[in-house]
Amino acid sequence: MGDTFARIYEVVRRIPVGYVATYGQVAALAGNRRWARVVGYALHANPDPHGIPCYRVVSRDGKLAPAFAFGGEERQRALLEADGVAFRADGSVDLAHCQWDGF
DNA sequence: GGCGTGACTTATA
DNA sequence: ATATAAGCCACGC
């Protein structure tokens, strides 16, 4: 696989329990902020769902991926709630409180 | 090597 | 506030 995917996966692995990160944020931490789309592509490939918590990556508005491969948004929301992530009334993640700092 | 595609983002109307 | 346009990069054919 290319280095880009490897870096992206590396960043996603660093997301601590109870926090989430946006695609753009992951792209920026991976080295290039314009990889936002590539991040989505990489997570879609998701070669190691056991080590890569792709459910901790959400859109800029805290919206979840509609095409989540492991059971849809319901499943993703359940996993995030299990990690202690706070949700808003509309079902989106409360980024103000749960967005990963990047450390 | 070119072309189309996508789990995105930002800008503009 | 929502809708539409453009930019951006890696991957597969």
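Since the model is a prediction, treat every value here as computed from it, not as a measurement. To find a chain, count down the sequence lines: A is the first, B the second, and so on, and within it residues start at 1.
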List the atom of [X], the atom of [Y], and the distance in Å for their closest heavy-atom pair.
X	Y	result
A:Tyr9	A:Asn46	OH-N, 4.0 Å
A:Arg13	A:Gly51	CG-O, 3.2 Å
A:Gln25	A:Gly102	NE2-N, 4.2 Å
A:Val17	A:Arg56	CG2-NH2, 3.4 Å
A:Gly18	A:Cys98	O-CB, 4.0 Å

Here the residues of residues 51-62 of chain A within 4.0 Å heavy-atom distance, strictly under, of DNA chain B are A:Cys54, A:Ser59, A:Arg60

When rounded to whole Å, the CG to P distance for the pair A:Leu43 and B:dA7 reads 11 Å

Between N or O atoms, less than 3.5 Å apart, protein on one side and nucleotides 1-3 of chain B on the other: list the pairs.
none

Any chance you could list the contact pattern along nucleotides 8-13 of chain C? Use B for base contacts, S for sugar-phosphate-only contacts and - for none, protein heavy atoms under 4.0 Å, 5' to 3'.
BBSS--

Report yes or no: do A:Tyr19 and A:Asp83 form a side-chain donor-acceptor pair below 3.5 Å?
no

Side-chain H-bond candidate by donor/acceptor type, A:Asp61 with A:Ser59, under 3.5 Å
no

Would you say the side chain of A:Leu64 lies within less than 4.5 Å of the side chain of A:Arg77, judging by non-hydrogen atoms?
yes

Less than 4.5 Å apart, side chain to side chain, heavy atoms only: is that true for A:Leu79 and A:Val85?
no

From CD (A:Gln99) to CD1 (A:Ile15), nearest 0.5 Å:
10.5 Å

